[in-house]
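Below: the structure, in structure tokens.
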Amino acid sequence: MRKDDGDMRLREKLNSGKIMVAPGIYDFISLKIADQLNFDCLYMSGYGTVASYLGLPDAGLATYTDMLNRVRAFCESSSTPIICDGDTGYGGLLNVFNTVEGYIKAGAAGIQLEDQDFPKKCGHTKGRRLISSKDMEAKIKVAVDARADSDDFLIVARTDARSSEGLDEALRRAENYLAAGADVLFVESPESEDELRIIGETLKAPLIVNIVEGGRTPQPSLSDLEKMGFSLAIHPCLGFLSAGKALRDAFSYLKHVGDSIDYREIDGFEDFNKLIGFQKVWDFDEKYAGLDG
């Protein structure tokens with residue numbers, strides 16, 4: 001079930017004029033840590049989820065079943081709303097309808113759909129190809145119908161046209177997607193702060209900006225992004241890039257030193273036990289001690 005924080009719904013927050021920031025979650029450890037930090041929403045990173053779950057690149061290799069499994073598991077374990085990457089909808093219009101229904105039942109707060117041709121690729125990498133704007137508009141219309149009475153469920157329309165077709169085409173497509181019924185617009189990988197400003201000035205809808213550390217898009221301050229007109233800044237890669245460095249450092253230390261006696265760049269074991277849920281196990285064992293013979 002999607003979460004309502006009892007204050008403003010996520011849709012209302014996106015329209016409030018105040019920018020939000022969302023970390024990318026990709027496995028249960030990242031989810032549990034992010035869920036404790038009182039973000040307004042979380043973003044399920046397709047790149048990170050495919051990498052952590054399948055050990056594969058975000059290049060159209062994960063199936064709808066793979067992703068739905070992760071959406072359901074993450075949303076069931078989170079008290080924070082999660083916008084979930086739905087790639088291209090995993091096929092044609094019937095697939096899009098089924099995907100939206102599945103994500104709603106799984107508890108997602110919204111789905112991101114993009115106008116890439118299959119096989120899709122990460123938006124900050126090479127080799128992306130587009131479907132026609134009309135085909136994407138049809139997908140959005142189907143997604144809106146599939147949403148049915150789930151009015152709080154957000155349809156996020158992403159265009160990858162900037163890299164191959166230019167900013168003007170990306171803006172044209174985004175406006176078409178808004179007219180087709182999208183709730184939130186996402187112009188992927190603008191390449192300058194001027195382009196970010198133009199996107200904010202041109203598109204009259206809640207806007208997502210994708211901040212990929214080391215990616216194609218510059219990173220202004222959060223307050224500057226708010227002034228530009230963005231509603232949500234997602235950081236899909238920050239978690240797994242940080243975890244990757246931490247693991248590489250720790251394992252390299254172990255390889256070269258041979259032990260971890262003096263290694264201090266770690267969480268406390270007891271704190272991590274509680275993060276992962278052992279406190280409930282301990283409480284259960286204490287309450288029911290002796291009943292298992």
Side-chain angles (χ1 to χ4, degrees), residues 8 10-24 39-47 58 83 85 109-116 120-133 136-137 140 154-239 241:
M8 287 196 298
L10 184 55
R11 179 186 294 276
E12 294 168 340
K13 290 179 180 179
L14 285 165
N15 283 283
S16 70
K18 182 174 176 57
I19 195 169
M20 299 181 290
V21 61
F39 286 97
D40 291 295
C41 71
L42 308 177
Y43 176 78
M44 190 190 88
S45 161
Y47 186 120
D58 183 20
I83 295 175
D85 190 348
I111 188 171
Q112 173 198 301
L113 297 170
E114 57 206 46
D115 60 2
Q116 287 193 50
K120 62 87 54 168
K121 294 181 176 66
C122 167
H124 286 249
T125 60
K126 299 182 293 184
R128 288 168 288 155
R129 299 177 301 171
L130 305 176
I131 61 174
S132 72
S133 180
M136 181 62 175
E137 292 163 44
I140 293 167
L154 298 169
I155 308 296
V156 179
R158 172 177 135 179
T159 178
D160 284 66
R162 164 61 189 91
S163 296
S164 58
E165 303 293 332
L167 183 61
D168 287 345
E169 173 63 11
L171 294 172
R172 185 188 72 80
R173 282 177 174 246
E175 289 177 333
N176 289 344
Y177 302 164
L178 181 64
D183 303 297
V184 183
L185 299 178
F186 179 172
V187 176
E188 176 63 297
S189 57
E191 298 188 4
S192 70
E193 291 197 20
D194 283 342
E195 290 190 359
L196 287 168
R197 289 190 186 92
I198 291 168
I199 291 167
E201 291 169 357
T202 304
L203 300 175
K204 306 306 179 186
L207 300 176
I208 285 179
V209 58
N210 185 19
I211 304 298
V212 174
E213 292 77 14
R216 303 170 73 100
T217 301
Q219 183 174 179
S221 69
L222 191 65
S223 61
D224 283 345
L225 286 169
E226 181 175 280
K227 291 173 186 175
M228 291 175 186
F230 290 95
S231 306
L232 177 63
I234 60 172
H235 288 253
C237 302
L238 179 62
L241 292 177

How long is the gap from [atom1] on [X] to [atom2] on [Y], to the nearest 0.5 Å?
X      : Y      : atom1 : atom2 : answer
Asp224 : Leu196 : CG    : CG    : 10.5 Å
Glu188 : Thr217 : CD    : OG1   : 6.5 Å
Lys18  : Glu226 : NZ    : CD    : 5.5 Å
Ile131 : Glu114 : CD1   : CD    : 9.5 Å
Gln116 : Arg158 : CD    : CZ    : 5.5 Å
Ile155 : Ile140 : CD1   : CD1   : 9.0 Å

* To do: Determine, stepwise, if the pair Arg162 / Glu195 fulfils salt bridge (Lys or Arg N to Asp or Glu O under 4.0 Å).
  => CA-CA 10 Å; Arg162 164 61 189 91; Glu195 290 190 359; 2.9 Å; yes

Please report the shortest heavy-atom distance between [X] and [Y], naming the atom on each side.
X      : Y      : result
Pro206 : Asn15  : CG-OD1, 3.4 Å
Ala205 : Leu178 : CB-CD1, 3.7 Å
Ile83  : Cys41  : CD1-SG, 4.5 Å
Ile198 : Thr202 : O-OG1, 2.7 Å
Glu213 : Leu241 : O-CD1, 3.8 Å
Pro236 : Val212 : CG-CG2, 4.3 Å

So, do [X] and [Y] sit near enough that their side-chain heavy atoms are less than 4.5 Å apart?
X      : Y      : answer
Leu42  : Pro23  : yes
Pro220 : Lys227 : no
Ile199 : Phe230 : yes
Ile208 : Val156 : yes
Leu14  : Leu154 : yes
Leu207 : Val187 : no
Val184 : Gln112 : no

* Apply the test side chain to side chain contact (heavy atoms under 4.5 Å, CB included) to residues Ser163 and Arg216: give CA-CA distance (whole Å), side-chain angles for both, the deciding distance (0.1 Å), then the verdict. => CA-CA 10 Å; Ser163 296; Arg216 303 170 73 100; 3.7 Å; yes

* To do: Give me the one residue out of Asn176, Thr159, Asp115 that meets side-chain contact (heavy atoms from CB on, under 4.5 Å) with Met136.
  =>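 One option only clears the test, and that one is Asp115.
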
* Answer with yes or no whether the side chains of Ser133 and Glu137 bring together a donor and an acceptor at under 3.5 Å. =>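 Ser133 and Glu137 do have a side-chain donor-acceptor pair below 3.5 Å.
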
